[in-house]
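See below for the structure under consideration.
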Amino acid sequence: METIQEQEQITPMPRIGDEAPKFKAVTTQGDINFPDDYAGEWVILFSHPADFTPVCTSEFITFAHLEEKFSKANCKLVGLSIDGLYSHIAWLRTIKDKIEFNGMKNVSVQFPLIEDISMEVAKKYGMIQPNESKTQAVRAVFFIDPKGTIRAIIYYPLSLGRNFDEIYRALIAMQTADKFNVATPADWNPGDDVIVSPAGSCGAAEARMTSTEGLDCKDWFFCTKTLDKDTVLDKILKK
Ligand code: BEZ
């Protein structure tokens, strides 16, 4: 059997801008063909180390609670761990029947959870990071756009639960960048000013500084404009 290092040479870790690696998998919601089944939608593919572990349980309750919010932003959720289908089913039933977290209880996880005992998908997505764990996936989050391109990746270690406000913020910021042809500054949230792409010539730089088109230019390379929250959310969220 090949070592993880050999496997990594065969399957390099996917990067931002790459096509999402394709796979077929068994999940708690039936078989999926990824990412083709999600064409036209954003999808967040995320891994967790193991079923029946506390940090993962808190994350699943939180993600399930937010599933409808993500769905309104045209984004589906897909989870994965190196566990079998029956473990997944038992864990999700336990979560619904017994676990309360941060005031959320009786939470039903409706999104698919991939069984990946073979680690085939986890290896394809660089979710096994051997110096952290050789047998459990790290907490990876892949944001994949409606064309099947990886747009952002977050990796957290086993002990650190993710920030779901940030995951949602990142999704909305990337959708805003696409729809309005802008960039978003540090800590941006809908309603905050957005960044206009930098001037690409000396003439454009000069024009930026003398423009009366509603730009706020601190210097030729740093111009912002207002983009109100309703305009952003009207364009992004399903009615
Ligand atoms: C947890 O989800 O609680 C956990 C999983 C693996 C290692 C450490 C914590």
Side-chain angles (χ1 to χ4, degrees), residues 1-5 7-8 11 13-14 20-21 23 25-29 32 34 43-71 75-144 150 152-171:
M1 204 172 92
E2 71 216 4
T3 63
I4 287 180
Q5 283 74 16
Q7 175 75 29
E8 273 173 355
T11 314
M13 282 172 66
F23 62 84
V26 172
T27 85
T28 49
Q29 300 290 330
I32 59 169
F34 195 91
V43 54
I44 290 178
L45 172 67
F46 69 100
S47 55
H48 68 275
D51 298 343
F52 293 101
T53 51
V55 177
C56 301
T57 299
S58 70
E59 291 189 322
F60 258 68
I61 291 175
T62 309
F63 236 159
H65 189 72
L66 294 171
E67 187 177 5
E68 199 178 323
K69 189 170 167 179
F70 279 88
S71 179
C75 181
K76 293 283 163 42
L77 309 175
V78 179
L80 174 149
S81 73
I82 316 299
D83 288 294
L85 184 63
Y86 299 120
S87 166
H88 284 342
I89 292 170
W91 181 45
L92 299 186
R93 287 174 64 86
T94 305
I95 286 176
K96 182 162 190 315
D97 293 346
K98 296 196 179 149
I99 314 285
E100 177 173 354
F101 174 70
N102 272 353
M104 296 172 274
K105 60 180 181 185
N106 198 28
V107 172
S108 175
V109 175
Q110 304 286 338
F111 56 80
L113 174 50
I114 295 169
E115 86 154 358
D116 195 29
I117 285 284
S118 68
M119 300 191 188
E120 188 190 326
V121 181
K123 283 178 183 171
K124 261 190 183 171
Y125 275 82
M127 292 164 171
I128 304 291
Q129 306 204 355
N131 291 327
E132 177 71 352
S133 171
K134 290 183 178 53
T135 55
Q136 297 182 315
V138 295
R139 300 183 194 279
V141 185
F142 286 83
F143 297 78
I144 297 162
I150 296 172
I153 307 171
I154 300 172
Y155 286 115
Y156 270 20
L158 304 190
S159 62
L160 177 56
R162 286 161 279 205
N163 182 312
F164 291 84
D165 288 340
E166 171 57 8
I167 293 172
Y168 184 75
R169 188 195 78 89
L171 174 74

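Computed from heavy atoms alone, side chains included, the values below leave out hydrogens, waters and symmetry copies. Order of listing sets the numbers, starting from 1, for every ligand and every atom in it.
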Which ligand 1 atoms are under 4.0 Å away from a heavy-atom of R139?
1 (C), 2 (O), 4 (C), 5 (C)

For atom 3 (O) of ligand 1, what is the closest protein heavy atom, and at what distance to 0.1 Å?
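Ranking protein heavy atoms by distance from atom 3 (O) of ligand 1, first comes V55 N, 2.7 Å.
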
Protein residue, atom and distance nearest to atom 7 (C) of ligand 1, heavy-atom basis:
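That would be L158 CB, 3.7 Å.
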
May I ask you to check whether F46 and F63 place their ring centers less than 6.0 Å from one another?
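Under 6.0 Å, so yes.
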
State whether Y168 and K69 meet the cation-pi test: NZ (Lys) or CZ (Arg) under 6.0 Å from the six-membered ring centroid, and within 45° of the perpendicular axis.
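Cation-pi check for K69 and Y168: passes.
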
Can you find an N or O of [X] that's nearer than 3.5 Å to an N or O of ligand 1?
{"X": "T53", "result": "yes"}
{"X": "S159", "result": "no"}
{"X": "C56", "result": "yes"}

For [Y], is there any backbone N or O sitting under 3.5 Å from a side-chain donor or acceptor partner on [X]?
{"X": "S47", "Y": "A140", "value": "yes"}
{"X": "D51", "Y": "H88", "value": "yes"}
{"X": "E67", "Y": "V109", "value": "no"}

Plane angle bin for F60 and W91 - parallel if under 30°, tilted between 30 and 60°, otherwise perpendicular:
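Aromatic pair W91/F60 classed tilted.
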
For ligand 1, note which part of E59 has a heavy atom under 4.0 Å away: side chain, backbone, both or neither.
neither

Should the proximity of P49 to ligand 1, defined as any heavy atom under 4.0 Å, be assigned to the side chain, the backbone, both, or neither?
side chain

